[in-house]
Amino acid sequence: MNFENTLEFAQSLDANDQFHSFRDQFYLPQYAGQNAIYLCGNSLGLQPKSTETMIAGQLASWRNLGVEGWFDGEEPWLPYHRKLVGPLAKIVGAKGSEITVMNSLTVNLHLLMVSFYKPNVKRFKILMEGGAFPSDQYAVESQVKFHGFDPADAVIEIFPREGEYTLRTEDIIAQINADADELALVLFGGINYYTGQFFDLKAIAEAGHTAGAIVGFDLAHAAGNVPLQLHEWGADFACWCSYKYMNSGPGGISGIFVHEKHHNDATLNRFAGWWGYKLDERFKMTPGFQPERGAEGWQVSTSPILLMASLHASLQIFEQAGSVSALNKKSIQLTGYLEYLINQVNEFIGYEQFKIITPSNKHKRGSQLSLICKSGGKAIFDYLVSQGVIGDWREPDVIRLSPVPLYNSFEDVYHAARHLLAAVKTVVKT
Ligand SMILES: *Cc1c(COP(=O)(O)O)cnc(C)c1O
């Protein structure tokens, strides 16, 4: 599409956007009495207006039913998580039995590694993307140590080539092949939080399996952002948080995926808890853990119903939208428009003040663009915030901007770029 750098053009895109009215289902943060231009859904998604009612419904059950709320009321708590499974299975491309919701993301990464990182003297290495989200790095290092290995030997990080910012799939596959005999686990982010690169998860899963390794994905920045086919790709396990693109609120409940092929494997280690016990016999409280079939067998603790209600509100909006693929069509345009406008800003200034390090290929990114600021990055970022443009800042020089198709408009993107230009004019000394 040929974009134009005018407000009228942005508004005409909004007028033709089938998802434009979805914005009204969210609270937009306020800045100086106006809607902020919120481009930070990669960090914390906005609050659906329905969240409060949804949580209030469960507070009412608790108020009116007490403990009987587990079994009674319109939405008994015992099977409540299953209301979330259907929509989530669609979002990540899985079967319902492969999905459940529990805990938070890093906790789930640990629990899944307990089952799926089974090092031995020959195969003990974990391959991951260099510069993975720190929590994932800490989780991996501590798992490796827990098994008596040294992270310096056991953790292989793959970095972009000299002078490049993102990884080439061929290099990832070559690294997997090079370490094939020693790899226990390939653990990759779906989308790298810093660069916004969407990895070729299908190719990574294939290569990992050919090497004889287990393949797991952290989908924190991918779930609800880009179309996924976890089942078909054959990923062994995955987990994600729901407070980024899935709008479940700060610290919202995490989701996990365990591929069907592992559901009958009794040899897998688990850190078990009663909430993973077979549902129909759970309350017999007998000794000897017997897991529920499927991903639910990985549950540990009592369902946090208020967190689940919050996610439920957001998932209903995803259901209305139809599919992540449909949203992704808008996302590609919206992010493409932002990319075009940033390049316009560079042209106008006469040098590349903002270097977009996120891949320009629309299949290799989601909604986020990461910009390296040539100079004055933090001052530019602070200026944006002072004008009500909310992105986020990553040291030493990166601004991340993520227009989200559920609640951002083309007009948002237009104004964000306008403020970016004003920021350079105002705070950068050239
Ligand atoms: C956001 C994010 C996390 C955060 O984990 P929590 O346990 O929810 O705090 C972890 N890993 C990645 C890749 C993330 O993007």
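Just so you know, these numbers come straight off a predicted model, no measurement behind them. We count ligands from 1, going down the list as the structure has it; atoms in each ligand are counted the same way.
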Just jot down the ligand 1 atoms closer than 4.0 angstrom to any heavy atom of [X], in number order.
| X | answer |
| --- | --- |
| Y243 | 1 (C), 4 (C), 5 (O), 6 (P), 8 (O), 9 (O) |
| A220 | 2 (C), 12 (C), 13 (C), 14 (C), 15 (O) |
| T106 | 5 (O), 6 (P), 7 (O) |
| H221 | 15 (O) |

Modelled atom types, side-chain donor and acceptor of [X] and [Y], under 3.5 Å:
| X | Y | value |
| --- | --- | --- |
| Q25 | Q320 | yes |
| N35 | Q30 | yes |
| H363 | D200 | no |

Discussion item. Can you confirm if the NZ or CZ of R282 lies within 45° of the ring axis of W275 and under 6.0 Å from the centre of its six-membered ring?
Written reply: yes
Response to the item:
The answer for which part of D218 has a heavy atom under 4.0 Å from ligand 1 is side chain
Worksheet, complete the sentence: If you scan protein heavy atoms around atom 11 (N) of ligand 1, the nearest is D136 OD1, 2.6 Å
Discussion item. Just to confirm my output: which protein heavy-atom neighbour is closest to atom 2 (C) of ligand 1, and how far is it?
Written reply: K244 NZ, 2.5 Å
Worksheet item: Would you call the rings of H221 and Y245 parallel, tilted or perpendicular if under 30° counts as parallel and over 60° as perpendicular?
Response: perpendicular
Item to complete: Would you check if the side chain of D236 reaches a backbone N or O of G216 as a donor-acceptor pair within less than 3.5 Å?
Response: no
